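This structure is a prediction, so every number in the text was calculated from the model and none was measured.
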Amino acid sequence: MRTQPASTKSSPLLTETAPIVEQMPVGIFRKDADGRFVFVNPRFCQLKDTPADQVLGRTATEIASSAALEMNSMWRSDLAAQESLHHTLIMQTG
């Protein structure tokens, strides 16, 4: 299962490690500077109960608002807000 969009250019290191990351038993993701998911591994999708195509290219807030209708959604809006704040802090402080 390829979970990274083909249009995303990867460094040689990312290309080399992608098969390992995709098979890890923990959820792993990567975001761009705008907080949009650009990579998710299969375990991340499994934990969030959301297919990669519904995550990639979107922010946690966008995903949470579209998933708000589902009672058992793994994308609760309070967690998405917290994640958005965390992303902002990471981008400000590196």
Side-chain angles (χ1 to χ4, degrees):
M1 169 197 278
R2 192 78 186 139
T3 51
Q4 184 173 12
S7 62
T8 301
K9 293 189 178 189
S10 297
S11 71
L13 179 61
L14 290 177
T15 302
E16 232 174 76
T17 58
I20 298 166
V21 171
E22 288 190 8
Q23 295 178 33
M24 293 189 75
V26 295
I28 298 175
F29 64 89
R30 190 172 121 222
K31 292 181 178 180
D32 64 15
D34 296 322
R36 297 189 181 286
F37 289 92
V38 295
F39 174 85
V40 294
N41 73 343
R43 181 65 176 146
F44 179 88
C45 295
Q46 184 182 31
L47 291 169
K48 293 295 187 180
D49 194 27
T50 307
D53 64 346
Q54 292 180 17
V55 176
L56 295 172
R58 301 172 72 194
T59 66
T61 303
E62 291 170 344
I63 297 165
S65 41
S66 67
L69 300 174
E70 298 177 34
M71 291 294 282
N72 296 327
S73 174
M74 298 303 290
W75 293 93
R76 294 191 355 229
S77 59
D78 56 334
L79 293 177
Q82 180 182 12
E83 185 174 359
S84 181
L85 175 61
H86 188 231
H87 172 77
T88 301
L89 291 172
I90 289 171
M91 294 309 294
Q92 289 174 350
T93 61

From [atom1] ([X]) to [atom2] ([Y]), nearest 0.5 Å:
X: L56; Y: C45; atom1: CG; atom2: SG; result: 7.0 Å
X: F29; Y: K48; atom1: CZ; atom2: NZ; result: 8.5 Å
X: D49; Y: Q54; atom1: CG; atom2: CD; result: 9.5 Å

TODO: Run the numbers on F37 and F44 for ring-ring contact (aromatic ring centres under 6.0 Å, His included), then give the verdict.
DONE: CA-CA 11 Å; F37 289 92; F44 179 88; 5.7 Å; yes
TODO: Without swapping roles, check the side chain of N41 against the backbone of Q23 for a donor-acceptor pair under 3.5 Å.
DONE: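 Pair absent, no side-chain N/O of N41 close to backbone of Q23.
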- [ ] Check whether any side-chain heavy atom of I63 sits under 4.5 Å from a side-chain heavy atom of T61, and report yes or no.
- [x] no
Open item on the list: If you define the side chain from C-beta out and look only at heavy atoms, does anything of R43 sit under 4.5 Å from P25?
Closed with: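 No. Closest side-chain heavy atoms not under 4.5 Å.
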Open item on the list: Restricting to non-hydrogen atoms, name the atom on L47 and the atom on G27 that form the minimum distance, rounded to 0.1 Å.
Closed with: CD1-N, 3.9 Å
Open item on the list: Any carboxylate oxygen within less than 4.0 angstrom of a Lys/Arg side-chain nitrogen, looking at R36 and E62?
Closed with: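 Salt bridge flag = yes for E62 with R36.
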